[in-house]
Protein chains: 2
Amino acid sequence: MSKAVKLIDIAHKLNYSVVTISKALRDHPDISNKTRDLIKKVAEEMGYSPNLVARSLSSRKSNIIGLVVPKIAHHFFGQIIQTIYDIGFEHNYEILLMVSQEEQERERKHLQTLLAMKVDGIIISITEKTRDYKIFETIKERGVPLVFMDRIPDMERINSVRVTDYEGAYNGTEHLIRLGYKNIGHFGGYQDTRIGRDRYNGFKNAMDDAKIPINPNWVKFGGFSEDDGFKTFSKLVETGNLPDAILAATYPIALGVYMAAKERKIKIPNDIDIICFGDANIQRFLEPALSCIQQPTKIIAEKSMEILFDLITNPKQEKFTSEIVPTKLIIRETASKCNRL
Amino acid sequence: MSKAVKLIDIAHKLNYSVVTISKALRDHPDISNKTRDLIKKVAEEMGYSPNLVARSLSSRKSNIIGLVVPKIAHHFFGQIIQTIYDIGFEHNYEILLMVSQEEQERERKHLQTLLAMKVDGIIISITEKTRDYKIFETIKERGVPLVFMDRIPDMERINSVRVTDYEGAYNGTEHLIRLGYKNIGHFGGYQDTRIGRDRYNGFKNAMDDAKIPINPNWVKFGGFSEDDGFKTFSKLVETGNLPDAILAATYPIALGVYMAAKERKIKIPNDIDIICFGDANIQRFLEPALSCIQQPTKIIAEKSMEILFDLITNPKQEKFTSEIVPTKLIIRETASKCNRL
DNA sequence: TTGTATGCGTTATCAT
DNA sequence: ATGATAACGCATACAA
């Protein structure tokens, strides 16, 4: 069991002070090239690696970015996490990932921990149930850079990156209408969340603009999970009155509908058609291949990191950035022709 | 921009020493109940939360577990990560996730960083290309608890959790043979990795035991990704000589085969049949539903954490634990009947 | 160019 | 039961 090499060990060996060693290893201009090279060489030989905990405490900089997401084993967040990790790695930042599991209290604890760990910045996609924004105010007061991603709270003066939720839903609905559908339902998010409202409003306005009445029995608000989609659709089946097509607010919801439909021998897209937000790549191998309103995960992640790095680099600025990334309609086997014509 | 409350702030307010505050907040028996309650109350009111960086440095305990995986946007690892996060959360441990992207050098850097961050323990699933085990020896020497998971190096005296790779491959192959297949191929991992060898040997011995000769043109060793599966299958198609069924070493490989097959209008399972390691849940919605040798992700994650916690709690023990978790054959639409009968 | 003194916020040790 | 002092390993400001 060998101990870790410290600055002082190198200092003793070379008869330099700890400070000189510290500076040399960090390429501080104070130190001459010759001394620096010697010190680096010896440090390498001795297997030195800095104690990042001590460095954090002393420098008040952790080189850690906190990332809070509601779920991880979902394609959308998986992709985003992957990209953020890669960008972090390129910039010598560690990513501290926290998974809130769609629970507000857990999210709050995670944020508290990130503050206590003195991370340099935070990127968060809030849970579908987050209503209390006090913790976000605390973070702002502490001066910790904060960027909201995709799931944005109803707050002023924040940094955020999201997609064109309204337009995406509008376009998706309009597409269904153009195919010839009139009996269209929407499985959406809670209406006291921004994303839930934006997507519903896109749906609603597309219907209104086409002068098609909305049947409230076919509009359901709730969670974003597979389970939610499964239950919502199952209940709808039991009413005996199904729409001809559904606009689902997330890919997991659509998957839940697939599951429930398979169980009840309801054929997609013949008995009921569907399109959803989010592209999982694998969707083209589903039976039938699931069409979607694609959200560009890579761009979302990149923009978020870009904004965050800017905030970290220039801390005192009083500006707030709000990026909105366009969505794209991807048509596969569902929502490709009207099953009622 | 408000500053964080420190121990000394509470100390000043209550006319106690910093030490007393510190002890009280950690329920140290030195402090009387009355004092403790008072201090806790005031700390709460003042919004105190400990600086975990300082605590780590002082106590030489970080309450952080490092987790290194080759990929994240894959179902198998996604599930495992999720479970490990949940268990960590329950035990008041943070999980520091690192993604090696199947690159040995990146993996080494990540491990170095985890050491530098003074994590309390490490769980790792090594890359498909990891051949140099020096860094693992370093970790052992440092006395940092280390558990290998699923992807295990060829080393003695390590803690590990893996599945019955050999038996799983044997059973899967045997199943194909029982269906009536004779022309069976294997898309496997590199043969200088343990998991690659174990799965190939399972395949080989099943074939040998059934006295079916192996056609070496149908046995391909390489990476575990979708891309690998896609390329391997595409090349095989070009030889004009396909097997009747394939045992794929991973789910992504099988997915790659699906993609290549779709592109070339080759029908699964009629033209070629397939079964793979790993169950992605969504596999039953693929066309055709993909059968598999299921690896119980939750159990793997749980056992790994269990072993790690034991190592953290009892540091000095010189024993090594090696858990082997059974796999299970899940038959869906592929590998359900012989396409050559 | 190099070194000294001090501090980061907490915990451990040992007195009182 | 409570507190003074040192230590954790490093970085910053300032001195030489």
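Lettering follows sequence order; numbering is per chain, from 1.
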Pick the nucleotide of DNA chain D nearest each of A54(B) and K23(A); which residue has the one closer to the 5' end?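 Closer to the 5' end of DNA chain D: A54(B).
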
Pairwise 5' ranking along DNA chain D for P29(B) and R55(A), keeping only the more 5' one: P29(B)

Roughly how many Å is it from OH in Y48(B) to P in dG9(C), rounded to a whole number? 11 Å

In whole angstrom, what separates L57(A)'s CG from dA11(D)'s P?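 Rounding to the nearest Å, CG of L57(A) and P of dA11(D) are 11 Å apart.
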
Phosphate OP1/OP2 of [N]: any [X] side-chain N/O under 4.0 Å:
| X | N | value |
| --- | --- | --- |
| R26(B) | dA12(C) | yes |
| T35(B) | dA1(D) | no |
| T20(B) | dA1(D) | no |
| Y16(A) | dT4(C) | no |

Taking atom types as modelled, find out whether Q104(B) and D132(B) have a side-chain donor-acceptor pair closer than 3.5 angstrom. no

Give D30(A) one of three labels, base, sugar-phosphate or nothing, depending on what nucleic acid heavy atoms sit under 4.0 Å from its own.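 Base: the residue D30(A), judged by heavy atoms under 4.0 Å, touches a nucleobase.
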
Please indicate whether E44(B) has more than 12 foreign heavy atoms, meaning atoms of other residues, nucleotides or ligands, lying under 6.0 Å from its CD. no

If the condition is side chain to side chain donor-acceptor pair (under 3.5 Å), which residues does T130(B) pass it with, not counting sequence neighbours?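 Testing T130(B) for side chain to side chain donor-acceptor pair (under 3.5 Å), a comparison that skips the adjacent residues, returns E107(B), T127(B).
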
Between the base of dG7(C) and the side chain of S58(A), is there a donor-acceptor distance below 3.5 Å? yes

So does R151(B) pair up with E102(B), basic N to acidic O under 4.0 Å?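 Judged by the 4.0 Å cut-off on N to carboxylate O distance, R151(B) and E102(B) do form a salt bridge.
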
